[in-house]
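A short write-up of the structure that comes next.
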Amino acid sequence: LDKTTFQLIKNDIVKTIEKYFSIAKIISLQVMSEDIDIGRSQLVVSLTLQLVDESLNLFDIEVRVG
């Protein structure tokens with residue numbers, strides 16, 4: 001995937017979280033490609049969120065597609 005595609009995916013994730021999960025703020029968000037075999041790769045999304053309530057709990061989420 002090219003840089004533009006990665007940026008579009010990141011923007012979509014940010015907008016969706018802001019719209020549907022406004023009780024959290026994004027601490028970090030990484031979208032990258034990872035080679036798993038010759039000719040095969042997967043999309044990796046790594047996200048850290050922090051709740052904006054009194055608890056300030058942190059959540060790490062990683063999703064692999066491919």
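What you see is a predicted model, and the numbers here were worked out from it, not measured in a lab.
Sorted pairs that involve residues 3-28 and meet salt bridge (Lys or Arg N to Asp or Glu O under 4.0 Å), not counting sequence neighbours, are lacking altogether.
Taking CG of Leu8 as the start and CD1 of Ile13 as the end, the distance is 11.0 Å to the nearest 0.5 Å. From Ser33, atom OG reaches atom CG of Asp2 across 11.0 Å, with rounding to the nearest 0.5 Å. Note that CD of Gln42 is 10.5 Å distant from CE of Met32, once rounded to the nearest 0.5 Å. Note that CD of Gln50 is 11.0 Å distant from OG of Ser28, once rounded to the nearest 0.5 Å.
There is a side-chain donor-acceptor pair under 3.5 Å between Asp60 and Thr48.
Contact check for Ile61 versus Val63: side-chain heavy atoms found under the 4.5 Å cut-off. Here the side chains of Leu43 and Val31 are in contact, with some heavy-atom distance below 4.5 Å. Two residues are said to be in side-chain contact when any heavy atoms from C-beta on lie closer than 4.5 Å; Ile27 and Leu58 meet this criterion.
Both Phe21 and Val45 sit in one connected hydrophobic cluster of ILVMFWY residues. Membership requires side-chain heavy atoms under 4.5 Å apart, directly or through other members. Side-chain heavy atoms closer than 4.5 Å link hydrophobic residues (I, L, V, M, F, W, Y) into clusters, and following such links, even through other members, never connects Ile26 to Val52. Put simply, Tyr20 and Leu47 are part of two different groups of oily side chains (I, L, V, M, F, W, Y) that touch within less than 4.5 Å, one to the next. Side-chain heavy atoms closer than 4.5 Å link hydrophobic residues (I, L, V, M, F, W, Y) into clusters, and following such links, possibly through other members, connects Leu51 to Leu49. In this structure, Ile17 is a member of the same hydrophobic cluster as Phe59, with clusters built from ILVMFWY side-chain heavy atoms closer than 4.5 Å.
Listed here is the closest heavy atom pair of Glu34 and Val44: CB-CG2, 4.0 Å.
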